[in-house]
Participant: 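Here it is: the structure, laid out below.
Worth saying up front: this structure is predicted, and the values here are computed from it rather than measured.
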Amino acid sequence: MKMLLGGGPTDIDASGFQLEFLDPKTWEKDWGYGETEHADGTPVRTTGFGLKLTLVVGKVRGGRWAYGRNRARYHVARGSHVVIEFTGTDDYERTGRVFSLLKRPNGSQYNDPADVPEFYGRHEIVSLASVVDDGKRYKGLVVVLGTDDFGAMAQLALQRLNERGKLLPGIVS
């Protein structure tokens, strides 16, 4: 079953991209050192600004030890490359909320809300310390989403690709 965000063939999301959700599939990522992960994901075809590409958004089977506990993980991938990862908050089991670190194109984290690009202001931005409490002091900022918001996850992946100069007009992948 194909379904378009918003239910109509001309609906465009806030970033100017049209998002089309395709049939769910299993996605596999080989990390290259003998470890392979599987995710149950939904391909999201994105079109806009002369671009056509497909991202896969999904929950990785099994968790990962991070911030003092085993946490749920969601990936947005382009081909076999993970573009952005979302990790379960401390209250994930109750709320279904996940977060992703806000990073500059060079990989460093944003610490001051005034430095965060305007695009991210459409989403909930909080300090990392407010979503994880493992006794350490964290300074970075994160974006927080619900696990059902695959559209926003795809938008954030597109933004990250754009900031890193990896979106070029006419790309089809």
Participant: Could you tell me which non-hydrogen atom of L55 sits nearest to which non-hydrogen atom of A157, and how far apart they are?
Facilitator: CD1-CB, 4.1 Å
Participant: Indicate yes or no for a side-chain donor-acceptor contact from R71 to the backbone of A66 under 3.5 Å, with no hydrogens or angles considered.
Facilitator: yes
Participant: Would you check if the distance from the ring center of Y67 to the ring center of F99 is below 6.0 Å?
Facilitator: yes
Participant: Output yes when a side-chain donor or acceptor of T89 lies under 3.5 Å from a complementary backbone atom of V131, and no otherwise.
Facilitator: no
Participant: I want to check something: taking the side chain as every heavy atom from C-beta on, are L156 and V143 in contact at a cut-off of under 4.5 Å?
Facilitator: yes
Participant: How close do Y92 and R97 get, heavy atom to heavy atom, and via which atoms?
Facilitator: CD1-O, 3.4 Å
Participant: Give a yes or no on whether the backbone of R94 and the side-chain of D91 come within a donor-acceptor separation of less than 3.5 Å.
Facilitator: no
Participant: Over all heavy atoms of both residues, which pair between Q109 and R104 is shortest? Give the atoms and the distance, please.
Facilitator: O-NH1, 2.7 Å
Participant: Does K59 reach the side chain of R73, with side-chain heavy atoms less than 4.5 Å apart?
Facilitator: no
Participant: Compare every heavy atom of A152 with every heavy atom of L145, then report the nearest pair and how far apart it is.
Facilitator: CD2-CB, 3.8 Å
Participant: Are the side chain of R69 and the backbone of D90 linked by a donor-acceptor contact shorter than 3.5 Å?
Facilitator: yes
Participant: Between G140 and N111, what is the shortest heavy-atom contact and its length?
Facilitator: CA-OD1, 3.3 Å
